[in-house]
Asker: 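Have a look at this one.
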Amino acid sequence: MGNIIKIQKGCKDILPENVTTWQFIEEKARETFSKAGFKEIRTPIFEATELFQRGVGDTTDIVNKEMYTFEKSERSITLRPENTAGVVRAYIENGMHKLPTPVKLYYMGPMFRYERPQAGRQRQFSQVGVEMFGIETPVADAEIIALAVDYLKSVGLNDLDVEINSIGCPKCRDEYKNKIKEVLKDELPNLCEDCQVRYYKNPLRLLDCKVDSCKKIFEKPEIQKVIQSDYICDECSKHFEELKLYLEKLNIKYKINKLLVRGLDYYNRTVFEIKSNNLGTQNAVCGGGRYDTLVSNLSGQPTPAIGFAMGMERLISLIPQIENPKLDVFVVSDNMANALYCTQKIREMGFSAEFDLNNRKFSKQLEKASKVANFAVFYCENEVQKNVVNIKNLSLSTQKEVSFEELGSILHNER
Ligand code: HAM
């Protein structure tokens, strides 16, 4: 016999005792998003590597360091590290630009990033997310942020921090990038290795470096002055101001975080994150933003778009675990065939039911019933003869003899 084969690093089994909480957040997502007119989309878990290189951007950590990429029949394939690029591909390929706008889609499922595993960070993790296509005005940004807040409320999370920023359009951002480069020129040798590369490839990303020595440098007053400056152009600024007004109208409290630039290249204008203090360093539950050039960058018709995704494991860690529901009925009998028959009849009536496949003695069966079910239904020889059952409400300890016809309505009323 070989060794026991273990789960891969950075992955987790979701065991039956935890699955009810997962089903709860999945149901709430379906409910909340469909109430807002979003339709579910399911795209493949692997895509052409080029989709992420062109979509997410080849200066990002995700594309440079974190993708699970492999060759198959001389094609380069990648397990999706996120799903915005995949949804945009599907939007273009299925001609969804011909649909009336906005096109509103949501999804949930596994994503894969080869990162250093730690609390709140896995290599296989799940996201639930939404994408909305076709609307450029900031009312769409406000609706998307409100939807994220609604969803979090629906799973019981009311007190999270909403952080927003505008990273402008390619034009005003280029000027800002140059200013950042200029003010950091002399500090370049003191920045971490990654930041030295970012300085040339994508200076905006310098701002969300997590290395302490870099963070200290960015705190210097002359550098802060550039970071905190209002660099975005008039149009981008107007867009952002309107978004703030809408959020205020909706009573959604937000903080402006000028360091919020997000780790994916496709964003412009609004970016946002929703954070919790109870999550440690990986404190973002939700990340999103506007990506008005992604559809055209992936060779579709120019289409403004905005969306977000939430880490489902992080969400789960913030809400109390939900106990698995008890069975409606556990059938107790002195005969396996009768137990099976009675159980089947109860299931046909639409209730959940089990019986003792181990055929243990009566007292053991009853013990099991009180652990796993709300009702015990006795179907032993004397009940079989009379064509009745005895039903015991296990929390009230009341018991009565009833026909199969009556059983259904009792279960229905007392459940
Ligand atoms: P993201 O910020 O990379 O954005 O991921 C969104 C959320 O997924 C994060 O806030 C976090 O909760 C969760 N997450 C990310 N990486 C991990 C990990 N390694 N382990 C556990 N949870 C993780 C996106 O993916 C964009 N596609 C969001 C978006 C949609 N933007 C526009 N539309």
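If you read the sequence from its start, that first residue is 1, and numbering goes on from there. We count ligands from 1, going down the list as the structure has it; atoms in each ligand are counted the same way. Heavy-atom basis, side chains included; hydrogens, waters and symmetry copies ignored.
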Asker: Any nitrogen or oxygen of Gln122, side chain or backbone, less than 3.5 Å from one on ligand 1?
Answerer: yes
Asker: At less than 4.0 angstrom from any non-hydrogen atom of Thr84, what atoms of ligand 1 do you find?
Answerer: 26 (C), 27 (N), 29 (C), 30 (C), 31 (N), 32 (C), 33 (N)
Asker: Compile the donor-acceptor pairs under 3.5 Å between side chains in residues 140-151 and protein atoms, sequence neighbours left out, one pair per line.
Answerer:
residue	atom	partner	partner atom	Å
Asp141	OD1	Arg290	NE	3.2
Asp141	OD1	Arg290	NH2	2.6
Asp141	OD2	Thr270	OG1	2.6
Asp141	OD2	Arg290	NE	3.0
Tyr151	OH	Ile25	O	2.8

Asker: Which protein heavy atom lies closest to atom 7 (C) of ligand 1, and at what distance to 0.1 Å?
Answerer: Ala309 O, 3.6 Å
Asker: Is it true that atom CD of Glu71 has more than 12 heavy atoms of other residues, nucleotides or ligands lying nearer than 6.0 Å?
Answerer: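 Yes, because the 6.0 Å sphere around CD of Glu71 holds more than 12 heavy atoms from other groups.
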Asker: Could you name each residue pair satisfying salt bridge (charged side-chain N to carboxylate O under 4.0 Å, His left out) that touches residues 13-29, not counting sequence neighbours?
Answerer: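 Found Lys28-Glu31.
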Asker: For Tyr267 and Tyr291, take the angle between the two ring planes, folded into 0 to 90°, and tell me which bin it lands in: parallel under 30, tilted 30 to 60, perpendicular over 60.
Answerer: perpendicular
Asker: Which of these, Gly55, Gly120, Gly263, has its nearest heavy atom closest to atom 21 (C) of ligand 1?
Answerer: Gly120
Asker: Of Glu82, Gln127, Arg116, which has the heavy atom at the shortest distance from atom 5 (O) of ligand 1?
Answerer: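 The nearest heavy atom belongs to Gln127.
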Asker: Ignoring hydrogens and geometry, is there a side-chain-to-backbone donor-acceptor pair from Arg123 to Glu115 under 3.5 Å?
Answerer: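 Between the backbone of Glu115 and the side chain of Arg123 there is a qualifying donor-acceptor contact (under 3.5 Å).
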Asker: Is the distance between the ring centroids of Phe355 and Phe330 less than 6.0 Å?
Answerer: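 No, ring centres 6.0 Å or more apart.
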Asker: Using a 6.0 Å distance limit plus a 45 degree cone around the ring axis, check whether Lys181 lies over the aromatic ring of Tyr199.
Answerer: yes
Asker: Nearest heavy atom to atom 4 (O) of ligand 1: which of Glu115, Arg262, Gln282 does it belong to?
Answerer: Arg262
Asker: Would you check if the distance from the ring center of Tyr106 to the ring center of Phe38 is below 6.0 Å?
Answerer: no
Asker: Counting from 1, what ligand 1 atoms have a heavy atom of Ala284 closer than 4.0 Å?
Answerer: 10 (O), 11 (C), 12 (O)
Asker: Within the structure, does Tyr291 bring an N/O atom to less than 3.5 angstrom of an N/O atom in ligand 1?
Answerer: no
Asker: If you count the atoms of ligand 1 from 1 in the order shown, which ones are under 4.0 Å from a heavy atom of Glu131?
Answerer: 30 (C), 32 (C), 33 (N)
Asker: What atoms of ligand 1 come within less than 4.0 Å of a heavy atom belonging to Leu264?
Answerer: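 Answer, ordered by atom number: 3 (O), 4 (O).
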Asker: Quick one: which of Leu243, Ile306, Leu245 gives a side chain to side chain contact (heavy atoms under 4.5 Å, CB included) with Pro138?
Answerer: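 Result for side chain to side chain contact (heavy atoms under 4.5 Å, CB included) with Pro138: Leu243.
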Asker: Are any of the N/O atoms on Val285, whether in the backbone or the side chain, positioned under 3.5 angstrom from an N/O atom of ligand 1?
Answerer: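 Between Val285 and ligand 1, an N or O pair is found under 3.5 Å apart.
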Asker: Identify which of Phe308, Phe272, Phe125, Tyr266 has a heavy atom lying nearest to atom 17 (C) of ligand 1.
Answerer: Phe125
Asker: Mark up the atoms of ligand 1 that fall under 4.0 Å of a heavy atom belonging to Tyr267, in ascending order.
Answerer: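 In order of number, 26 (C), 28 (C), 29 (C), 31 (N), 32 (C).
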Asker: Are Glu222 and Lys220 within salt-bridge range, i.e. N to O under 4.0 Å?
Answerer: no
Asker: Enumerate the atoms of ligand 1 whose separation from the nearest heavy atom of Gly287 is less than 4.0 angstrom.
Answerer: 10 (O), 28 (C), 29 (C)
Asker: May I ask you to check whether Phe362 and Phe378 place their ring centres under 6.0 Å from each other?
Answerer: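 Yes.
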Asker: Just jot down the ligand 1 atoms closer than 4.0 angstrom to any heavy atom of Cys286, in number order.
Answerer: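 Result: 10 (O).
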Asker: Measuring from the heavy atoms of Gly288, does anything fall under 4.0 Å of ligand 1?
Answerer: yes
Asker: Return the residue, atom name and 0.1 Å-rounded distance of the protein heavy atom closest to atom 13 (C) of ligand 1.
Answerer: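 Result for atom 13 (C) of ligand 1: Gly311 CA, 3.5 Å.
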